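As structure tokens, the structure follows; a few thoughts come after it.
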Amino acid sequence: MARKSLTAETKRTVLDRFDNSCANCGEKETYLEIHHIVPLSRGGTDNIGNLVPLCWKCHQLAHSGYNIREKQKEILKTAGGRKRATTRS
């Protein structure tokens, strides 16, 4: 069965929550990819609270085994207040 794509409205809402910036590094890109914090394959959903925008670099890292889980926990705690996580040094 084919997976449904996210709606344009959902994508726009996710991007707006993070001021059109990467949720991991804070970089503003012309194109940000929408990432599922809890993967669909592990029971995650397309709900706004499970989605974050990532630049292509951070998205690649997230899917290549780089552990951004701690950053994602911070994102989940602060997303409601529109505060972005800080960049790692």
Side-chain angles (χ1 to χ4, degrees):
M1 178 160 100
R3 178 174 125 46
K4 291 188 308 183
S5 296
L6 296 173
T7 66
E9 180 180 354
T10 298
K11 291 177 185 178
R12 175 62 20 220
T13 300
V14 172
L15 292 170
D16 287 346
R17 286 179 71 201
F18 292 90
D19 297 323
N20 293 306
S21 298
C22 175
N24 192 55
C25 72
E27 183 160 334
K28 290 195 177 250
E29 291 276 324
T30 56
Y31 178 75
L32 293 166
E33 301 171 352
I34 306 300
H35 174 69
H36 289 83
I37 296 171
V38 177
L40 295 173
S41 63
R42 293 194 180 147
T45 67
D46 287 339
N47 292 338
I48 300 298
N50 190 44
L51 303 171
V52 292
L54 295 177
C55 67
W56 70 270
K57 293 175 190 174
C58 289
H59 204 195
Q60 286 291 325
L61 289 171
H63 286 282
S64 297
Y66 176 73
N67 188 352
I68 62 172
R69 236 174 249 218
E70 289 305 312
K71 184 68 73 176
Q72 290 172 339
K73 286 179 189 174
E74 183 180 340
I75 290 166
L76 286 173
K77 285 174 25 181
T78 60
R82 298 181 58 93
K83 178 181 174 188
R84 287 192 313 275
T86 56
T87 307
R88 243 187 200 184
S89 299

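Since the structure is predicted, the reported quantities are computational estimates derived from the model, not experimental observations. Worth knowing before you read on, the calculation uses all heavy atoms, side chains too, and leaves out hydrogens, waters and symmetry mates.
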Paired with Val52, the side-chain contact (heavy atoms from CB on, under 4.5 Å) test is passed by just one of Arg17, His35, Glu33, namely His35
When rounded to the nearest 0.5 angstrom, what is the spacing between [atom1] in [X] and [atom2] in [Y]?
X	Y	atom1	atom2	value
Thr45	Asn50	OG1	CG	5.0 Å
Asp46	Leu40	CG	CG	5.5 Å
Leu32	Ser21	CG	OG	7.0 Å

- [ ] Go through Asp19 and Lys28 one step at a time and tell me if the side chain to side chain contact (heavy atoms under 4.5 Å, CB included) criterion holds.
- [x] CA-CA 9 Å; Asp19 297 323; Lys28 290 195 177 250; 4.2 Å; yes
Query raised in the report: Does Arg12 reach the side chain of Leu6, with side-chain heavy atoms less than 4.5 Å apart?
Result: no
Checklist line | Leu51 side chain reached by His36 side chain, heavy atoms, under 4.5 Å | finding: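 Result yes, sub-4.5 Å side-chain heavy-atom pair found.
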Closest heavy-atom pair, Cys22 versus Cys55, reported as atoms and distance to 0.1 Å, is SG-N, 3.3 Å
Could you tell me whether the side chain of Lys11 and the main chain of Pro53 form a donor-acceptor pair under 3.5 Å?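 Checked: no pair found.
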